[in-house]
Amino acid sequence: MMSIKEIHEEVKKCMYCGFCEFPCPTFNALRSRAYGPRGRINLIKALIENGFGQGKDVGLNSDVINPIMTCLHCAACDTQCPAGIRIADVIHGFKAIILETILK
Amino acid sequence: MSQGRGGDVIRELEAVFKDRLFTEPHILALYSHDASSEVGVKPMAVVQPVSVDEVVKVVKLAIDHGFKIVPVGSSTSLSGNATPKLENTVIVSLERMNSIIEVSDIDWYARVQPGIKVDELNLELMGYGLQWPVDPASSKTATVGGVISNGGGGMRGAKYGPASHWVLGLEAVIGTGDVVRVGCRTVKCREGYNLVQLFIGSEGTLGVITEATLRLAPLPESFVGIMARFGNAESLVNAVIKVRRDRLWPMVTEFVDDKTAQLLSLEPRYYLWIGGVDTYAGSEQGVLTKLSNAIALNGGEIIGKALTWQDFSKLLEPRKMLYSAQLKAAFGDYGMDAFLLIEDIAVPMSKLPEAVRELQELSKKHGVKMMLGGHIGDGNLHPAVWARRSDKDEVERIMRFFEDVGSLAIRLNGTVSAEHGIGTQKKELLKGGAIGSRNNGRSDLVIELMRNIKRAFDPYGIFNPGKIFD
């Protein structure tokens, strides 16, 4: 499983081009930025930078959790990313950290 | 705006938009910037309208409560056009208004909502043998509304021109809350002032586009293309000029310089991709011979020939990797501290060798790392430079390079912005350089005309404040 540090190193590469949204099934179903790879990656980045998973309460709520947890891990986005971010792995790893944190 | 009033605004927005209103801070942050390096602020809310009526309602609320509106599509601007700069902003995100309303394969137009992505539209149009030939590098994700607002172009611009050539009519909500429908469904349309063209490239400062009637072109019946390399920029440009003198009109004419070629895993030479010349089935070989001769006569070496769009797409792969290569170069040098700036100038084609030479000299003069590629068929160059964000000296050198590139474009009778727009990044270049140079230093004359136009459309100053001019 990816560590918080490894995940952060990946998500920091995002340049916000949005190329990853084109093949994303959940983005295309819901047409809302948070429900596409770009949105998920940047939600994860913000949560980590606010201290999530590092002992800090960031006020996690369904508006933020639902977009991340609904990723299908089809990895269609991975081939689109010009920065080479391992998007599907990152989201998968972060889901595990969310569950760990919630279940603690 | 007072706290109490702010609460009222949110309640009123919620009554209209329900679960399509967002005020959660992490979600707001997703709409606080675009793909440029421009730093924005979190808006107070994001709404996702699904109809023109809902857009009217949010504009009327903006008039009543005094908040600002930034309309956005996919926020892929490279000039800061879609980045909110004021906290009392409501982002009107058109991502859910993404339908194709009508396609006419006789009259060659399509009526679409603004949130459809360019490639989504063109995939649908392929079934009709038609295309909307405006193809920015971001066409996978850029929305039609965003491309129109930005006045975007792309690889096919050499033949087809930018968005301004391909919009017949628009429906938009202006700053009084009224809905206006401008333009026609015919190519010829002379109904007073051309208000359609005012919206194109207006960067969301005049209103919210809610529907567009797009002019379409037929897909070419057949296709030829070539990839070639040259020892210097002059020979490459001369080959393109020879192609024009032979009265061939390619759809795509792209190039990269020698240093960029290396980063694309090619030998360090000047590379040209030229393709999409209109041919009729059966005449491909004849056209290919003409193209080949133009290249050979100017010392070029042909690397690959294509007789179909699919084969040419394969030849184009290195050029399509330019953005990835720019990111890799910047991250490779500076890791997460990288700051990448992609410029966007155009010069007349006859000035291209001079422009390429001077850009290379400017990068040396300022000690900045540069990759150079662009749409050579319409003189549009995209020098990309990068720096370590935390290194103030290097960032300042990049900004000086940025200004000098703008001055170079003006000196060569070109433009400081070909297809990326002004946003916030190029306001000074527009005012002081581009407009001033053509008006004996009186940029105020032209900027004031623009201000008056904005006041007419947006009397309460609601839409995308601080963009294009102050």
Side-chain angles (χ1 to χ4, degrees), chain A residues 5-24 26-52 58-68 76-85 94 98, chain B residues 19-20 22-37 46 48 50 72-78 82-83 91 93-99 115-120 123 137-143 146 320-328 330-331 335-338 340 342:
Chain A
K5 192 170 179 294
E6 285 170 320
I7 290 173
H8 193 220
E9 286 304 310
E10 285 291 306
V11 296
K12 278 199 300 185
K13 294 180 198 167
C14 178
M15 295 294 284
Y16 229 65
C17 70
F19 289 10
C20 53
E21 288 176 355
F22 189 76
C24 175
T26 55
F27 177 83
N28 285 311
L30 297 167
R31 300 300 282 209
S32 191
R33 192 167 295 172
Y35 285 86
R38 173 169 61 165
R40 291 180 174 117
I41 284 289
N42 282 280
L43 286 175
I44 291 169
K45 178 169 173 274
L47 288 169
I48 292 173
E49 288 171 0
N50 288 342
F52 179 78
V58 297
L60 212 55
N61 59 65
S62 59
D63 281 350
V64 178
I65 287 184
N66 288 352
I68 296 170
C77 49
D78 279 10
T79 58
Q80 306 291 325
C81 180
I85 302 172
F94 199 74
I98 288 178
Chain B
D19 64 346
R20 289 175 285 109
F22 301 91
T23 55
E24 205 285 330
H26 293 92
I27 303 294
L28 295 182
L30 298 180
Y31 295 84
S32 66
H33 63 98
D34 54 33
S36 71
S37 52
V46 174
Q48 296 171 332
V50 293
V72 305
S74 281
S75 299
T76 55
S77 166
L78 292 171
T83 294
I91 298 284
S93 173
L94 284 310
E95 53 203 321
R96 294 201 193 207
M97 290 180 68
N98 64 328
S99 300
I116 188 166
K117 294 172 190 279
V118 175
D119 278 8
E120 288 172 341
L123 277 172
S138 56
S139 60
K140 261 181 207 164
T141 186
T143 62
K320 287 182 186 164
M321 295 303 288
L322 183 59
Y323 185 50
S324 301
Q326 288 163 346
L327 292 181
K328 271 182 196 150
F331 284 124
M336 298 312 127
D337 203 17
L340 176 69
I342 301 174

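Every chain is numbered from 1, with letters handed out A, B, ... down the list of sequences.
Residue V50(B): no heavy atom, backbone or side chain, is found under 4.5 Å from chain A. In this structure, the portions of S75(B) lying under 4.5 Å from any heavy atom of chain A include both its backbone and its side chain. When heavy atoms are compared at a cutoff of 4.5 Å, L322(B) does not approach chain A at all. Of the atoms belonging to Y31(B), heavy atoms from both backbone and side chain fall under 4.5 Å from chain A. Residue D34(B) touches chain A through its backbone alone, counting heavy-atom pairs closer than 4.5 Å.
Each of G36(A), C17(A), C14(A), A83(A) has some count of heavy-atom pairs under 4.5 Å with chain B, and the biggest count is that of C17(A). By number of non-hydrogen pairs under 4.5 angstrom with chain A, the leading residue of A330(B), A35(B), A137(B) is A35(B). In terms of heavy-atom pairs under 4.5 angstrom with chain A, the leader among Q326(B), K328(B), E24(B) is E24(B).
Here OH of Y16(A) is found 11.5 Å from OG1 of T76(B). Values are rounded to the nearest 0.5 Å. Here CD of E95(B) is found 10.5 Å from CG of L30(A). Values are rounded to the nearest 0.5 Å. Atoms CE and CG, from M15(A) and L340(B) in turn, are 4.5 Å apart once rounded to the nearest 0.5 Å. Once rounded to the nearest 0.5 Å, the distance linking OG of S74(B) with CZ of F19(A) reads 10.5 Å.
G39(A) approaches L30(B) most closely through the heavy-atom pair O-CD2, 3.7 Å.
V72(B) has its side chain within reach of R33(A): a pair of non-hydrogen atoms, C-beta onward, lies under 4.5 Å apart. The shortest distance between side-chain heavy atoms of T23(B) and D63(A) does not fall below 4.5 Å.
For the residue pair R38(A) and T141(B), no side-chain donor N or O sits within less than 3.5 Å of a side-chain acceptor on the partner. In the model, H26(B) has no side-chain atom that pairs as donor or acceptor with a side-chain atom of N42(A) under 3.5 Å. Between the side chains of Q48(B) and S32(A), at least one donor-acceptor pair of N or O atoms lies under 3.5 Å.
A donor-acceptor pair under 3.5 Å is absent between the side-chain atoms of R31(A) and the main chain of N98(B), judged by distance alone.
Between E21(A) and K140(B), none of the side-chain N atoms (NZ, or NE/NH1/NH2) sits under 4.0 Å from a carboxylate O, so this pair counts as no salt bridge.
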